[in-house]
> 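The structure is given below, and queries will be raised subsequently.
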Amino acid sequence: SFHRGKELFNEMLEKGISPNVVTYTCLMHNLCKLGQWKEATAMLDGMAERGIRPDVVAYTGLIDGLCKDGRATEAMELLTLMIEKGEEPSNITYNILINGLCKEELITDAYKILEMMIEKGKRPDVVTYNTLMKGLCNNGDVDEAMKFFNSILKDKSYVEPDVMTFNMLIQGLSKEGRLDEAAKIHHKMVERSFGNLVSYNILIGGYLKAGNIDKAMELWKQVLDLGFIPDSFTYSIMIDGFCKMHMVSIAKGLFSKMGARGLSPTLFDYNTLMATLCKEGSLEQAKRLFQEMSNAKCEPDVVSFNTIIDGTLKAGDCQSSKDLLMDMLQMGLAPDALTFSTLINRFSKRGQLDEAKSVLGRMVACDFTPDAFIYDSLLKGLSSKGETEEIINLLHQMAAEGVVLD
RNA sequence: UGAUUCUAUUGC
């Protein structure tokens with residue numbers, strides 16, 4: 001455990017054993033994984049005090065920690081700092097930044113990093129291109145990703161494509177419902193003996209979402225015939241697919257058949273099923289699943305709570321939802337933006353506007369930014385009560401926050 | 001001895 005690691009670290013210091021860069025990097029990396037990037041960054045000072053010079057790996061680890069926490073701008077500052085200190089960023093450093101910027105939809109900045117690395121004499125590698133392609137797909141520019149893909153396949157002087165290069169594009173196309181194109185890319189992979197379970201998982205999900213059960217089942221058979229072992233992804237993708245097609249009984253069947261393959265249902269499976277059961281009015285069954293989770297050693301997470309809280313509120317059971325919220329806090333789970341959103345939405349619909357406004361206040365106090373959906377819920381609630389003045393206040397607040405209704 | 005990229009869940 002990380003706690004034990006920290007203890008050992010302190011013991012080292014007490015015994016006069018000096019930690020080296022690697023010791024620090026390990027600690028900082030693990031702090032980042034726990035979301036403690038602030039503490040991790042502070043360790044740079046600790047290193048300086050001991051006269052230890054952070055190297056590329058140390059800086060890169062921190063940059064990754066910042067990026068994974070959605071702080072690409074701060075990560076860029078750290079890049080500047082490391083360069084100032086005379087540390088040369090590696091391909092990995094640049095790749096991490098490209099990934100972080102893409103995740104925040106800063107594609108233009110990601111391209112700038114690409115240019116920067118080339119200027120500094122680095123050759124973008126297959127990870128660089130895979131990362132960029134994924135960024136483009138997630139920002140609605142699958143066609144641009146396709147251009148990169150085609151260039152890579154045509155011009156051998158780029159990089160040698162790998163399984164992920166293909167899968168990024170299959171995923172991008174599949175998410176847009178462009179399944180014929182996705183299947184074509186998949187065929188190209190198979191020709192290269194790049195066949196793998198992830199591609200099948202993506203395609204099975206894509207076909208199910210498109211309502212093409214036959215095609216999805218054909219792929220499932222192929223998976224088995226080819227000797228691939230379906231994994232948790234395969235199951236949760238299918239369970240979700242069937243749930244979304246309102247075929248809950250098939251989803252339940254898959255859920256119970258996982259054990260036969262040595263797999264246990266994951267949080268994804270429980271959460272998906274609970275959401276569907278709530279939506280279909282089977283709150284009691286959802287609640288039973290929720291209870292089952294702890295017994296199955298699959299402890300509910302924020303998503304589970306959000307789902308079941310929404311279900312109980314929708315059914316008009318305010319008391320249970322408040323109890324659940326308390327349970328969640330007691331378990332040490334922090335509410336997320338959707339927890340607040342769920343509460344505001346349901347309270348507004350029930351005409352409990354004071355409750356809704358109080359949740360909004362708590363949300364803002366927790367540093368979350370209310371989105372258009374939340375304002376929409378509140379406005380609808382207020383207008384059904386004819387609270388004209390409040391509506392105007394809220395519209396002003398929205399304008400000030402730059403939130404636009406869609 | 002330490003750093004990067006693929007597939008799954010919640011409100012409308």
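Just so you know, these numbers use all the heavy atoms, side chains as well, and skip hydrogens, waters and symmetry mates. Lettering follows sequence order; numbering is per chain, from 1. None of the values given here were measured: they were computed from a predicted structure.
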> Quick one: label I96(A) by what it contacts on the DNA or RNA (base, sugar-phosphate, nothing), any heavy atom closer than 4.0 Å.
sugar-phosphate

> What's T60(A) touching, base or sugar-phosphate or nothing? Going by heavy atoms closer than 4.0 Å.
base

> What is the nucleic acid contact for K68(A), judged by heavy atoms within less than 4.0 Å: base, sugar-phosphate only, or nothing?
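Sugar-phosphate: the residue K68(A), judged by heavy atoms under 4.0 Å, touches backbone atoms but no base.
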
> State whether the side chain of D69(A) and the backbone N or O of R71(A) hold a donor-acceptor pair below 3.5 Å, judged by distance alone.
no

> Could you list all the ring-ring contact (aromatic ring centres under 6.0 Å, His included) pairs where at least one residue sits in residues 321-364 of chain A, not counting sequence neighbours?
F340(A)-F368(A)

> Quick one: the dot-bracket string of RNA chain B, using Watson-Crick and G-U wobble pairs with both distances under 3.5 Å, [ ] for crossing pairs and | for bases paired to another strand.
............

> For D55(A), report the nucleic acid contact type (base, sugar-phosphate, nothing); a contact means any heavy atom under 4.0 Å.
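Here D55(A) touches the bases of the nucleic acid.
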
> Mind checking side chain to side chain contact (heavy atoms under 4.5 Å, CB included) for L379(A) and listing every partner two or more places apart, or none if nothing turns up?
I391(A), L394(A), L395(A), M398(A), L405(A)

> Backbone N or O of M76(A) within a donor-acceptor pair of the T80(A) side chain at under 3.5 Å?
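Side chain of T80(A) to backbone of M76(A), a donor-acceptor pair under 3.5 Å: yes, one is there.
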
> Which parts of residues 7-29 of chain A get close to RNA chain B, meaning a heavy atom less than 4.0 angstrom away?
V21(A), V22(A), T25(A), C26(A), H29(A)

> With a 4.0 Å cut-off, would you call K380(A) and D376(A) a salt bridge?
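Salt bridge between K380(A) and D376(A), a charged N being under 4.0 Å from a carboxylate O: yes.
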
> Base, sugar-phosphate alone, or nothing: which one does K244(A) contact when heavy atoms must sit under 4.0 Å apart?
sugar-phosphate

> Side chain of D317(A), backbone of L313(A): donor and acceptor closer than 3.5 Å?
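No: the side chain of D317(A) does not pair with the backbone of L313(A).
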
> Ignoring hydrogens and angles, tell me if any N or O in the side chain of D310(A) forms a donor-acceptor pair with the backbone of N306(A) under 3.5 Å.
no

> Which part of the nucleic acid, if any, lies within contact of D371(A), taking any heavy atom under 4.0 Å across all strands shown: a base, the sugar-phosphate backbone alone, or nothing?
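Base contact - D371(A) has a heavy atom under 4.0 Å of at least one base atom.
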
> Apply side-chain contact (heavy atoms from CB on, under 4.5 Å) to the pair I213(A) and M247(A), showing each step before the final yes or no.
CA-CA 11 Å; I213(A) 302 180; M247(A) 301 172 84; 3.7 Å; yes

> Just checking S174(A): base, sugar-phosphate only, or nothing, at a heavy-atom cut-off of under 4.0 Å?
nothing

> Testing the basics here: between V126(A) and P161(A), what is the closest heavy-atom pair and its distance to 0.1 Å?
CG2-CA, 4.2 Å

> Would you grab the first and last nucleotide of RNA chain B (5' to 3') that comes under 4.0 Å of any non-hydrogen atom in chain A?
rU1(B) to rC12(B)

> For T131(A), which contact category applies under a 4.0 Å heavy-atom criterion: base, sugar-phosphate, or nothing?
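Here T131(A) touches the backbone only, sparing every base.
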
> Contact class for L338(A) vs. all strands (heavy atom < 4.0 Å): base, sugar-phosphate, or nothing?
base

> Partners of T307(A) by side-chain hydrogen bond (donor to acceptor under 3.5 Å, both in side chains), sequence neighbours excluded?
none

> Could you tell me whether K33(A) contacts a base, only the sugar-phosphate backbone, or nothing, with contacts defined as non-hydrogen atoms closer than 4.0 Å?
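The answer is nothing, as K33(A) stays clear of every strand by at least 4.0 Å.
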
> When the ring planes of F149(A) and F166(A) are compared, do they come out parallel, tilted or perpendicular, using 30° and 60° as the limits?
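It falls in the perpendicular class, over 60°.
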
